[in-house]
Amino acid sequence: MRSIAVPVILIIFVTLLPALTAASSLPLDAQGIGLFLGWLGAGSLVASLLLMIRNPYWASCFGGLQQMYRWHHGMGVLSFVLLLMHPMLLAGYYVPLGSDIAEEYLSPLNPQLINILGWLALAIITLGMATTFFLHLPYGIWRRLHILLIVAIVLGFGHIWAVSGFSIGLAAALFPATIPLGWRLLRADRSGDTLPYEVSAVRHPANYITEVNLRPLAKPISIAPSQFVRAAFFEGSHFQGCGDFHPYTVSHIEKDGDLTLSIKALGDCTRHIQSIEPGVAARLQGPYGNFLLTRPIAPEIWIAAGIGLTPFLALLRSQPVIQHTDMIYVHRENDCVPYEEELQTFATSQSLLRFHSLPMTNDLTPLFMRLESIDKLNKKHVYLCGPPPFMTKVIQWLRKHGMQGEQIHFEQFDFR
Ligand SMILES: Cc1cc2nc3c(=O)[nH]c(=O)nc-3n(C[C@H](O)[C@H](O)[C@H](O)COP(=O)(O)OP(=O)(O)OC[C@H]3O[C@@H](n4cnc5c(N)ncnc54)[C@H](O)[C@@H]3O)c2cc1C
C-alpha cells in the first residue's frame, strides 16, 4: 500500500482552496458564513470528483478502489450537508430583513437565474445521494443517474458565476474539477487506459460459471493474486460482448501474463458472457484492490460465499498458505460444487490449510456454528468475500463475538 498522506493533503487543499480564496471578500455575519459554507461545499464536491478517478496508482494510495470510493462517498455527503446549510444560513440572514427580500434571494419559486441554478443543482445532488445511499436501483439506472451529478456541478458553477462573476474562488474550484472530468471523458470512457487481451480458452466449472482465459495482446497487466481488473468484452466470430467495463477478480495468473476470470451469471452482462468463445476481443484496466495482499502474521479464517471464492482461489493457485488457515466455502449447491474438488486437493497437500465446504440457504446458522467451533476464534484474522447482505450479517456476528474491527478484512463484490 502506498502512502495516503499526500493524496489526503491534496484532497483537503482542493476542499479548502475556493473558500479560502473567497473568504477575504465575505462579510463577517450570517450571510458571510452562509456564503463561506457554499464555497466549502463547492470545494468538497470537486474533491469528491477527484476521488472517482479510477487510475490504479491513485486508487492504491487510498488502499484500493473500494476504499477510495468510501472517501468519494464521504466527501459527497460532506458537500451535500454544506450545500444544504448554505441556503439555510442565508435564510437566517435574509428572513429578518423581510419576507420579500428573503423570497427574492432564496425562494426556489423565484425565477431569477441565480435561484434556478442553485436550487436545481441542489435538487440533483439530493437525488444523487438518495440513489446511492437509500434506493437500491439496478446498476445501469443508478450509473446514469449518478452521471447526472455532472449536470449539477455545471449548474452549481453557473450559480457561483451568476452570484459573483468570474472570481478567483470560482477559478480555484473550476481548475481541479477539469482534471477528473477530463480524465473520465478522454481516458476512462474511451478505453484510453486499458490494455488489449483476447479470450484464448473457455471452461465451465458449473453451468452458471464461465472461466475465461485471457491472453495479452500487448504488455500484460502486472497483477497479484486476489486483485481485480475491470474488463469489457467485445466482438468474436459468433459473440458480441456488451462492451461495458465490469470488475472481476482474477482467479488465476500465469507466468506468461495470461489471466483467468471466473464469471458467474448474476445479471444481463454476466449471463451473456456465459456463451463467450475463444477469439473474443477484450480490454482490461487495473490492477485494483489490496484485499489479501498484505496480511498480519496471524492464523487466518477465510470465508468465501459463492463466487466470492475467486480472491482465495487465486491465492491458493499461486502459492501454499503460510499461516494456519481455516477456509469456509459457503455455497448453495449440495453436489457438483464449483471448484470444490480443487480446493479439497489443496487442503490434502497443505498441512496448514483446513477446508470446510458448507451448503447453505439464507439462514446463516450453520456458518455461525462452524465459526463457534473454531479454537481461539478471537485470536485470528478473518477474511471475507461475498455478496453485501451476507457480509453485513457475518461482520455483525463477528463483532458481537468479540472480534475487533482490525481483525476483520473484506472485499465486497458490489460498489457504486
Ligand atoms: C471488486 C469486485 C470483484 C468482483 N469479482 C467478481 C468475480 O471474480 N466473478 C464474478 O462473477 N463477479 C465478480 N464481481 C461481480 C461482478 O462485477 C458483477 O456480477 C457484474 O458486474 C454484474 O454485471 P451484470 O450486468 O451481469 O449484472 P447487473 O444486474 O447489471 O449487476 C448486478 C450487480 O453487480 C454490480 N455491478 C454491475 N455492474 C457493475 C460495474 N460496472 N461495476 C461495479 N459493480 C457492478 C452491481 O452491484 C449490481 O447490483 C466482482 C465485483 C466487484 C465489485
Side-chain angles (χ1 to χ4, degrees), residues 1-2 7 49-72 139-140 142-144 146-147 179-200 210-236 240-254 256-264 266-270 272-273 276 280-293 307 310-311 314 385 411-416:
M1 208 209 300
R2 299 185 162 94
L49 290 184
L50 289 172
L51 292 159
M52 63 170 210
I53 297 183
R54 282 188 299 240
N55 174 276
Y57 180 86
W58 176 239
S60 73
C61 294
F62 293 88
L65 198 60
Q66 297 201 342
Q67 286 81 348
M68 189 181 80
Y69 281 169
R70 272 181 223 136
W71 279 81
H72 168 73
Y139 187 84
W142 166 81
R143 190 160 183 263
R144 270 173 226 121
H146 210 62
I147 290 171
I179 301 170
L181 293 178
W183 178 86
R184 196 76 184 234
L185 291 174
L186 298 176
R187 280 188 74 74
D189 288 350
R190 286 169 198 265
S191 305
D193 52 358
T194 61
L195 289 165
Y197 278 73
E198 186 184 59
V199 175
S200 53
T210 296
E211 245 192 35
V212 182
N213 194 270
L214 292 158
R215 184 172 45 221
L217 298 179
K219 190 178 77 132
I221 285 181
S222 169
I223 192 163
S226 86
Q227 287 195 295
F228 66 95
V229 291
R230 296 179 69 247
F233 296 97
F234 301 92
E235 253 171 62
Q240 177 64 57
C242 64
D244 284 343
F245 283 86
H246 290 261
Y248 304 107
T249 305
V250 291
S251 58
H252 188 46
I253 304 164
E254 282 178 38
D256 59 3
D258 276 22
L259 301 176
T260 304
L261 306 178
S262 302
I263 301 179
K264 182 169 179 176
L266 287 172
D268 289 348
C269 186
T270 45
H272 182 57
I273 287 174
I276 204 165
V280 167
R283 294 199 77 92
L284 265 58
Q285 186 190 40
Y288 299 111
N290 70 341
F291 174 44
L292 300 172
L293 286 192
I307 198 63
T310 48
C385 187
E411 177 103 289
Q412 219 157 265
F413 270 14
D414 181 7
F415 51 55
R416 46 184 72 192

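Any value given below was found using the heavy atoms of this structure, including those in side chains, with hydrogens, waters and symmetry copies removed.
At a threshold of 4.5 Å between non-hydrogen side-chain atoms, the residues Val229 and Ile223 count as touching. Taking the side chain as every heavy atom from C-beta outward, Arg230 and His246 never approach each other to under 4.5 Å. Counting heavy atoms from C-beta outward, Ile221 and Tyr197 have side chains that approach closer than 4.5 Å. Residues Ser262 and Ile307 form a side-chain contact, since some pair of their non-hydrogen atoms from C-beta on lies under 4.5 Å apart. Leu284 is not listed as a side-chain neighbour of Phe245, based on a closest heavy-atom distance of 4.5 Å or more. Considering only heavy atoms from C-beta on, Phe233 comes within 4.5 Å of Val199 through its side chain. At a threshold of 4.5 Å between non-hydrogen side-chain atoms, the residues Asn213 and Leu261 do not count as touching.
Of all non-hydrogen atoms in Ser226 and Leu292, the two that sit nearest each other are OG-N, 3.3 Å. Counting all heavy atoms, side chain and backbone alike, Ile253 lies closest to Pro225 at CD1-N, 3.4 Å. Heavy-atom minimum distance, Phe62 versus Pro7: CZ-CB, 3.5 Å. Here the closest non-hydrogen pair linking Pro216 and Asp256 is CG-O, 4.3 Å. The two residues Phe413 and Cys385 make their nearest non-hydrogen contact at CE1-SG, 3.4 Å. Shown here for Ala314 and His252, the closest heavy-atom pair between the two residues is CB-N, 4.5 Å.
Ring geometry, Trp142 versus Tyr139: the interplanar angle falls from 30° to 60°, so the pair is classed tilted.
To the nearest 0.5 angstrom, Ile179 atom CD1 is 7.0 Å from Ile53 atom CD1. Once rounded to the nearest 0.5 Å, the distance linking CD of Glu411 with CD of Gln66 reads 4.5 Å.
Side chain to side chain, Ser200 and Arg215 fail the donor-acceptor criterion of an N or O pair below 3.5 Å. Side-chain atoms of Asn290 and Gln227 include no donor-acceptor pair closer than 3.5 Å.
The closest donor-acceptor contact from the side chain of Tyr288 to the backbone of Arg54 lies under 3.5 Å. A donor-acceptor contact shorter than 3.5 Å links the side chain of Trp58 to the backbone of Leu50.
Counting heavy-atom neighbours within 6.0 Å of Gln240 CD, excluding the residue itself, gives a total above 12.
Among Leu259, Val212, Ile273, the one residue that satisfies the side-chain contact (heavy atoms from CB on, under 4.5 Å) test with Tyr248 is Ile273.
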In sequence, state the C-alpha distance, the side-chain angles, and the governing distance for Lys264 and Thr270, and then conclude on side chain to side chain contact (heavy atoms under 4.5 Å, CB included).
-> CA-CA 6 Å; Lys264 182 169 179 176; Thr270 45; over 6 Å; no

